[in-house]
Amino acid sequence: MVEVGLWGALIPLAGNQPRVQVEARDIRELLRKLVEAHPGLQEPFDEGVAVVIDGTVYRDDWSRTLPDGAEVFVMRRLAGG
Amino acid sequence: MGFDPSYQDRKFNAVGTRPKRPDGIDKVTGRARYGADFNMPGQLVARVLRSPHAHARITSIDTSRAEALKGVKAVVTAADMPDLTGGKRSAFAILSNCMARDKVFYDGHAVAAVAAIDARTARAALKLIDVTYDVLPHVVDVDAAMAADAPLLHDNVFTRGVDPRPETSSNVAARSEFGHGDVAAGFAAAEVVVERTYKTEQTHQGYIEPHACVASVNPDGTAELWVCTQGHFVFRQTCADLLGMDVSKLRVTSSEIGGGFGGKTHVWAEPVALALSRKAGRPVKLVMSRDEVFRASGPTSATSIDVRIGATSDGRITAADATLRYSSGPWADAWAETGAMTSFACYDLENVRTVGLEVLVNRPKSAAYRAPSAPMAAFAVESAVDELATRLGMDPVEFRIRNAASEGTRSSYGPVYGPIGIGPTLEAAQAHAHMQAPLGENQGRGMACGFWFNFGGQTCTDLNVNADGTVTLAVGTVDVGGARASLSLVAAEELGIAYDRVKAVVADTATLGYNDMTDGSRGTFSSSMATISAARNAIRVMRERAAMTWGIPVEDVVWEDGHARARTPGQGNQSLSIKDIAAKSGNTGGPIAGHSELVADGAGVSFATHICDVEVDPETGATRVVRYTVIQDAGKAVHPDYVEGQYQGGAAQGIGWALNEEYIYGADGRLQNPGFLDYRVPVCSDLPMIDTQILEIPNPNHPYGVRGVGETSIVPPLAAVANAVSNAAGVRLAHIPMSPPRILAALDQKG
Amino acid sequence: MLAEGGEKAFVLAGGTDLLVRMKSDDFDADLAVDIKSIDGMDSISESGGQFTIGAAVPCAAMGENAALTAAWPGVVEAANLIGSTQIQSRCTVAGNLCNASPAADSVPALVAAGAVAVVTGPDGTRNVDVADMPAGPGKTTLAPAEIVTAITLPARGDHGGDAYLRFIPRTEMDIAVVGAGVNLTLDAQGTITSARVSLGAVAPTVLLVDAAAAAITGTRLDDAALSALDTACAAACNPIDDKRGTVAFRKQVAGVLARRAARIAYDRAGGK
Amino acid sequence: MSAIAVSTTINGDDVEFLCNSDETLLDVLRDRLGMTGSKEGCGTGDCGACSTIVDGRVVCSCLVLGAEAEGRSIETIEGMADGAALHPLQTKFIEHAALQCGVCTPGFLVASKALLETNPDPSEEEIRFWLAGNLCRCTGYDKIVRAVQDAAREMREA
């Protein structure tokens with residue numbers, strides 16, 4: 001079980017919870033279970049999502065595992081310049 | 001694959017040296033081919049008809065007179081570019097921006113395009129296209145656009161991120177919020193509070209090379225696109241999506257790129273050129289004029305930002321709050337959200353809240369510009385932090401050190417930081433001779449910090465060992481500032497061969513797998529990771545070939561200094577150089593290559609601290625930058641010259657933004673300064689030498705410790721210059737650019 | 001040729017304004033007549049202290065002419081402020097005058113210097129004070145088919161000095177937001193016996209400000225005189241708000257520049 | 001409109017071309033003669049990327065008509081190296097990393113060459129003001145100025 005922080009725009013779509021508990025081994029499972037629990041998250045995830053694990057931003061590597069007690073945060077996939 | 005991207009301490013031979021860049025001779029002799037330097041047989045010339053109105057409904061377009069003009073081969077409008085985006089908002093915005101559909105949303109919005117046998121005919125044809133407009137009220141200012149009675153760009157925009165959904169449409173496309181703690185309680189605990197509203201005007205990336213492409217669509221649907229872009233694979237995907245083409249049939253070649261800075265991460269006219277070529281059945285060259293570049297491509301957001309920060313008298317910040325309003329052009333994007341995330345990222349805050357509002361205005365679609373959205377937020381926050389330090393009677397560097405984020409800090413945008421470099425850049429600034437240098441009359445010093453995320457992404461590299469033992473390295477990230485030199489160094493390092501034995505090229509979309517764009521400071525970070533991986537794969541093959549030659553197990557062959565060597569003493573001192581192995585490759589299993597396809601994640605966030613001295617003429621408000629220092633963490637500087645170049649270039653762009661660059665609109669909503677005469681980028685005589693200090697704190701998520709360096713350098717300058725000007729003038733400047741009339745007015749107000 | 005060409009006929013000297021206009025979509029030129037190959041147009045000559053600058057002389061060549069620079073440093077400085085090095089190789093003071101921008105850099109300096117334009121047309125040749133040439137933004141008092149063939153500067157005389165300063169946001173490459181030209185003659189004791197003060201970019205045409213000249217004439221440019229000069233210049237301004245500056249800024253800076261230019265001109269004239 | 005026949009000298013070679021009356025020298029170089037080393041960054045004389053030398057003076061070729069080339073001597077970036085031997089400025093620009101994207105580089109080199117022919121020992125300030133008509137958006141000019149200083153030093157010592 002990991003505790004996941006959500007970026008601001010997601011909070012209203014996840015029952016107004018800024019942090020949610022998810023049982024997930026890796027990013028792929030995390031995102032799938034988040035959408036299962038909160039279908040409204042599908043659209044923002046489709047527009048682009050990144051997951052921060054212990055301070056490191058992962059935008060594409062969805063096989064990245066979530067270590068026990070990891071600090072996890074779901075963030076919009078941002079553009080660079 | 002088994003590739004481990006984690007950092008391993010090592011001694012470098014090639015990396016960290018400063019050899020000549022491989023594309024240098026082509027570029028100093030004029031042989032390098034940029035977007036407009038390429039031609040195809042039978043090529044037509046395209047020109048685009050653009051809206052003279054800031055906001056209007058298109059009631060009719062009649063292209064028949066233009067089509068009838070001798071020499072005109074195709075005319076396209078939105079009718080030739082049907083909506084295939086399937087309801088995807090961001091894609092529809094790109095399509096609508098490339099060619100106006102029922103409405104034009106800004107001065108310069110494309111309405112129709114012509115392909116003709118020469119420029120003169122194309123220009124004449126534009127005058128024969130009859131467009132009737134129903135002109136609508138417009139709004140260009142970000143604050144005015146939020147007023148209750150502001151003209152609405154769309155009637156179906158209900159602010160996203162607000163619960164419950166608003167019942168009326170507005171120009172505020174989205175709201176986002178970040179933060180933690182109890183901000184009200186934090187302010188209650190504060191002994192000193194500063195509060196101010198800041199404004200920044202819209203700026204352009206100002207790349208010297210206008211957008212240019214040559215598109216050629218064949219009757220069988222195969223197509224080629226030659227284009228100056230930061231991401232030819234992404235352009236291929238976007239153009240194929242918008243025009244309903246097979247990705248495999250569209251081959252995109254990135255030309256040498258004459259500057260991008262984010263502005264060439266977006267498609268502008270490329271789909272139009274392809275549509276014209278498809279219709280005309282001939283190659284089409286489309287080159288934007290400078291006027292078009294300013295009016296219809298790339299500007300960053302104009303902003304209006306409220307900042308409030310409170311602290312105790314011993315210099316500890318107790319609460320921070322910011323509301324950031326960013327113009328996004330006619331369509332929603334996430335620019336304010338990004339600004340809201342970056343604004344307080346440098347600090348360790350118990351109570352913080354940031355709100356971002358995406359505001360629609362009748363200006364060109366806002367685009368990425370080097371650490372997009374961060375410089376404006378940093379300007380507001382770092383100005384406020386400076387003001388707070390002054391109010392507290394504290395040294396601005398010391399105050400920042402006391403409040404700086406560090407490993408384990410919960411960032412203002414949510415996640416907790418790993419090891420980060422803000423502290424070391426501040427300490428380096430504190431120790432820098434620049435901080436102690438005396439100031440002259442009417443001079444002031446300012447400093448500021450900056451943050452940027454940095455990204456990695458999908459990356460693909462081929463490393464081919466040629467028969468003579470030289471190496472051709474094919475990369476898929478566009479080289480915007482010397483990356484081919486850096487990546488050649490990395491290949492040389494990993495293979496243990498000389499730098500000049502490696503030739504790096506940027507491959508086209510048909511010859512290499514998919515690569516994300518060169519954006520997010522990812523070019524050298526990502527492609528060096530892929531190059532290391534590809535080189536290791538090639539080394540494995542070469543060890544196998546040596547083992548085969550010697551008839552020993554591959555495990556007994558090691559790779560050292562460009563040679564395969566037998567490890568076990570009983571096997572003698574056998575050694576084969578890369579050249580020996582390559583020469584025999586035909587007899588040992590065929591060509592030798594190493595490939596790599598990976599996701600380079602873990603770029604790691606980036607910080608910088610800048611110091612700036614200015615002199616302000618008290619009678620005219622003219623500002624001269626007299627000294628400038630950039631301190632930034634590079635993780636590991638692969639080619640230090642080009643790391644310094646990124647630092648200096650970002651600083652120069654930031655100085656221009658701070659002092660003179662701005663989009664100026666008339667009351668009619670038309671851009672008044674679409675040219676380099678009155679859009680005032682810094683010229684050579686405006687700037688001093690720009691000193692740099694490269695810190696090297698290894699990035700744990702890269703084998704060599706490399707960190708992206710391209711963007712962060714533009715984040716601190718707006719605030720560093722503003723703090724310096726405010727100190728020199730004795731009055732706080734809160735509106736960027738600090739042009740002479742604004743400074744003189746502030747001086748007069750001070751009295 | 002120009003007479004036959006009518007309204008869409010233009011003179012091409014350096015081309016640094018004309019070519020920019022030719023590229024704009026709402027400008028049509030049917031005829032451009034290149035005057036650079038006409039005899040005498042491309043040289044600077046001196047006779048009895050008076051200088052004649054041919055209409056096709058690039059501004060860079062003015063700076064290379066030691067005698068002209070010594071006699072009229074303000075005029076040469078102003079001419080050399082127009083655009084970049086590249087523009088300097090092409091642009092001309094006659095073109096700068098005929099383009100009739102209120103912000104033209106060389107014109108205030110020429111006006112302060114009392115320069116005269118030599119005008120040739122179908123009806124012969126006439127001399128026109130440069131001050132009388134601009135009629136408004138983009139308009140001159142030239143009759144159809146008349147062209148400027150040369151600019152003449154009077155003999156400098158003893159105890160004289162001129163200067164031109166302009167304000168731009170950057171250090172180079174901008175159009176003047178305000179320009180000020182000052183031309184002084186002193187007596188042996190350093191008292192100003194005659195003065196001409198001109199301002200650019202603060203009105204539809206370059207201004208010759210008599211009140212500003214009066215404010216310093218008879219003085220040795222003491223602080224009170226400088227202050228009066230500043231006030232007179234600010235009062236003479238009739239500027240607009242535009243992308244380059246505000247009304248308030250232009251009025252304020254006009255006085256500042258006039259003061260600073262006056263100091264330089266005074267020093268050059270030998271005043272102490 | 002009938003084309004104008006022009007005879008000129010480019011990089012020491014006799015060249016003849018036809019052009020329209022409204023075509024610029026830059027258009028002629030790039031589109032008619034295939035000399036794309038001169039770049040069009042603005043078309044209005046504000047960026048210097050199209051710098052060429054006409055009869056010894058550096059100009060923006062976007063502000064010169066093709067027809068004006070008649071009888072003149074024109075030097076472009078393509079003629080700067082002497083065969084395989086680079087001009088010292090070219091060498092120093094590479095050595096000092098004075099280019100990133102490189103699109104402004106031809107203009108800077110041509111303008112710098114004109115500077116050093118006029119003034120073999122320019123101060124930093126003189127270099128900066130001479131080159132103020134050449135825009136570079138990548139480098140912040142620092143390494144460009146250093147490259148010109150170093151090339152000037154080497155050329156003086158040669």
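Just so we're on the same page: letters track the sequence lines, and every chain starts at 1. Scope of the values below: all heavy atoms of this structure, side chains included, with no hydrogens, waters or symmetry mates.
The pair D/Glu68-D/Arg72 fails the salt-bridge criterion, with no side-chain N (NZ, NE, NH1 or NH2) lying under 4.0 Å from an Asp/Glu carboxylate O. Note on B/Glu292 versus B/Arg295: no salt bridge recorded, every NZ/NE/NH1/NH2 to OD/OE distance being 4.0 Å or above. Salt bridge annotation for D/Glu23-D/Arg32: present, with a cationic side-chain nitrogen under 4.0 angstrom from a carboxylate oxygen. The pair D/Arg30-B/Asp37 counts as a salt bridge, with a side-chain nitrogen and a carboxylate oxygen less than 4.0 angstrom apart. Salt bridge B/Arg21/B/Asp23: present, at least one basic N to carboxylate O contact under 4.0 Å. Note on B/Arg624 versus B/Glu615: salt bridge recorded, some NZ/NE/NH1/NH2 to OD/OE distance being below 4.0 Å. D/Asp55 has no carboxylate O lying under 4.0 Å from a charged side-chain N of D/Arg57, or vice versa, which leaves the two without a salt bridge.
No other option in D/Ala97, D/Gly133, D/Ala81, D/Pro106 has as many heavy-atom pairs under 4.5 Å with chain B as D/Ala97. Your options are B/Gln205, B/Arg33, B/Arg31, and the one with the most heavy-atom pairs under 4.5 Å with chain D is B/Gln205. Between chain D and the residues B/Gly30, B/Ser685, B/Gly675, the most heavy-atom pairs under 4.5 angstrom are made by B/Ser685. The candidate from D/Arg137, D/Lys143, D/Arg146, D/Gln90 with the greatest count of non-hydrogen atom pairs under 4.5 Å with chain B is D/Arg137. For the set B/Ile208, B/Asp641, B/Asp479, the count of heavy-atom pairs under 4.5 angstrom toward chain D peaks at B/Ile208. Interface check for chain B: of the options D/Leu109, D/Thr139, D/Val145, D/Thr105, the most heavy-atom pairs under 4.5 Å are formed by D/Thr139. With chain D as partner, the option from B/Pro210, B/Gly482, B/Ala652 having the largest number of non-hydrogen pairs under 4.5 angstrom is B/Pro210.
Interface with chain B: from residues 35-49 of chain D, residues D/Thr36, D/Gly37, D/Lys39, D/Glu40, D/Gly41, D/Cys42, D/Asp46, D/Cys47, D/Ala49 qualify, criterion being any non-hydrogen pair under 4.5 Å.
At a threshold of 4.5 Å between non-hydrogen side-chain atoms, the residues B/Ile631 and B/His610 do not count as touching. Looking at D/Asn11 and D/Thr76, their side chains come closer than 4.5 Å, going by heavy atoms from C-beta outward. The shortest side-chain heavy-atom distance between B/Val293 and B/His204 falls under the 4.5 Å cut-off. At least one side-chain heavy atom of B/Phe38 sits less than 4.5 Å from a side-chain heavy atom of B/Met40. Counting only heavy atoms from C-beta outward, the side chains of B/Thr229 and B/Ile257 never approach each other to under 4.5 Å.
In this structure, the portions of B/Thr29 lying under 4.5 Å from any heavy atom of chain D include both its backbone and its side chain. Contacts of B/Pro688 with chain D are made by backbone atoms alone, with heavy-atom separations under 4.5 Å and no side-chain atom involved. Contacts between D/Leu99 and chain B at a heavy-atom distance below 4.5 Å involve backbone atoms as well as side-chain atoms. Interface residue D/Phe93: only side-chain heavy atoms are found under 4.5 Å from chain B. With a 4.5 angstrom heavy-atom cutoff, B/Ile25 touches chain D via backbone and side-chain atoms both. Using a 4.5 Å cut-off between heavy atoms, B/Val681 contacts chain D through both its backbone and its side chain. Heavy atoms closer than 4.5 Å to chain D are found in both the backbone and the side chain of B/Ala36. Residue B/Tyr647: no heavy atom, backbone or side chain, is found under 4.5 Å from chain D. Of the two parts of B/Gln646, the backbone and the side chain both hold a non-hydrogen atom closer than 4.5 Å to a non-hydrogen atom of chain D.
A 6.0 Å sphere centred on CD of D/Glu125 holds no more than 12 heavy atoms belonging to other residues, nucleotides or ligands.
Counting only distance, with no hydrogens or angles, the side chain of D/Tyr141 and the backbone of D/Cys136 share a donor-acceptor pair below 3.5 Å.
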